[in-house]
Amino acid sequence: MKRIGMGLVGAGLIGPQHVEAVRRLGFVDVVAVAGSNEASARAKADAMGIPKAYGGYQALIDDPDVEVVHNCTPNHLHLPVNLAAIEKGKHIVSDKPLAMNGDEAQQLLDAATKAGVVHAVTFNYRGNPLVQQARAMIANGEIGRVHFIHGHYLQDWLIKETDFSWRIEPEKSGPTSAMGDIGSHWCDLVQHVSGLRIESVLADLTTVIPTRKKPTVARETFSEATDDEGEDFTVTVEDLGSVLVRFGNGCKGLFTAGQVCAGHKNDLVFEINGLGGSLRWLQERQNELWVGRRDGGNVELAKDPGAMDPSVAGYAHLPGGHQEGWATAFHNIMRDIYTHIAGGKGPDDPQPPAFATFEDGYRADRVVDAILASSTAGGVWTDVRY
Ligand code: SOE
């Protein structure tokens, strides 16, 4: 198989996961990393065994050995870095949310489509084996017509006033924290699994911690405050919110996304109720899928390639009883993206399931736009403007 050169822009919390996930493919060479300056990029490159280090993203994009650019920068850099890669004709894998808002995302979708490059967004929870199993069961009609979808995405890493992140700063994150960061995952995931589209929303967003301490040195997501507590910072973005949702076929739903819920680390849950059965999946217990039935008894389906729908059994790598986790699901989305690129496919060719494109990223950003507009208007039903 032809080898493919990958370049990473931004090596914070998630960048190293991209590196590990593509290395596992066996036909991808991680050739370069770009950071905000050469010294920090060099240090990251050495730590990950990457040959080249650049002090800015343009030099990495211009490197002829880099065919696929992975953009792991904060949200405000998604537009310029993604656009620069697209303009250079490079394939692009962007972190989520795709952009600061739906208009920026539209610009990126248009540019990528016009350039004919492969474009992907890391809505990584699609890569979990039992997520794909749930999707296959719904597509096969195994739970009948879906009428209700509900769940949450709760975390606690922003619960203290000394917790801080660029996700709290609107000029870096956009006008949202919880909804853009993790609400977008939930919305993408349930639309992917159910095949239904979110059409309108009614939202109630809250800022539970209105003043935070901004440290003088930027801190990584999920990291604890040190002695450097910093200055008072007035928070304008939400850290908690609940949303009523209407889907395309008359299906109703609701979810909560929050970063201030003690004890919840990465608690992403969805339940999908159909007239013939229900499916529930918990990210923190990702090797099980609950199947609920009115008649015949409920079952906890364990991840086991032998028991899964044959069309998606390949998302599981190990036999039943061998637990798989977050990193393998992340690898699965990279496998879908890179086998698509290696097959010489363009953005219009059918994509493997776990692969979210800029179109999916655009839709998620439009949903978040509608959530913010609904809440600002005092909680009124708001159509998503696709
Ligand atoms: C922080 O909320 C975060 O790292 C998100 O940005 C990721 O997308 C999510 O997968 C885990 O939590």
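Order of listing sets the numbers, starting from 1, for every ligand and every atom in it. Atoms considered below: every heavy atom in the structure, side chains included; atoms not considered: hydrogens, waters and symmetry mates.
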The atoms of ligand 1 lying under 4.0 Å from a heavy atom of Asp181, numbered in the order shown, are 1 (C), 2 (O), 5 (C), 6 (O)

What protein heavy atom sits nearest atom 3 (C) of ligand 1, and how far away is it?
-> Phe222 CE1, 3.9 Å

With heavy atoms of Tyr125 as the reference, note each atom of ligand 1 found under 4.0 Å away.
-> 9 (C), 10 (O), 11 (C)

Atoms of ligand 1 less than 4.0 Å from Lys96 heavy atoms?
-> 5 (C), 6 (O), 7 (C), 8 (O)

Using the ring of each side chain (for Trp, its six-membered ring), is Tyr338 parallel, tilted or perpendicular to His70, with breaks at 30° and 60°?
-> parallel

Cation-pi check, Arg335 onto Tyr315 ring (under 6.0 Å, within 45° of axis) = yes

Protein residue, atom and distance nearest to atom 12 (O) of ligand 1, heavy-atom basis | Gln155 NE2, 3.0 Å

Which ligand 1 atoms are under 4.0 Å away from a heavy-atom of Arg167?
-> 6 (O)

Asp95 side chain to Asn71 backbone, donor-acceptor under 3.5 Å = no

Just jot down the ligand 1 atoms closer than 4.0 angstrom to any heavy atom of His185, in number order.
-> 7 (C), 8 (O), 9 (C), 10 (O)

From the candidates Phe123, Trp326, Trp157, Tyr153, the one that places a heavy atom nearest atom 11 (C) of ligand 1 | Tyr153

Just by distance, do the side chain of Ser194 and the backbone of Leu196 share a donor-acceptor pair under 3.5 Å?
-> yes

Parallel, tilted or perpendicular: which describes the rings of His18 and Phe330, with under 30° parallel and over 60° perpendicular?
-> perpendicular

Mark up the atoms of ligand 1 that fall under 4.0 Å of a heavy atom belonging to Leu13, in ascending order.
-> 4 (O)

What are the atoms of ligand 1, with element, lying closer than 4.0 Å to any heavy atom of Ile182?
-> 2 (O)

Do the non-hydrogen side-chain atoms of Val146 and Asn273 ever get within less than 4.5 Å of each other?
-> no

Report the residue from Trp186, Phe148, Phe270, Phe247 that forms a ring-ring contact (aromatic ring centres under 6.0 Å, His included) with Phe255.
-> Trp186

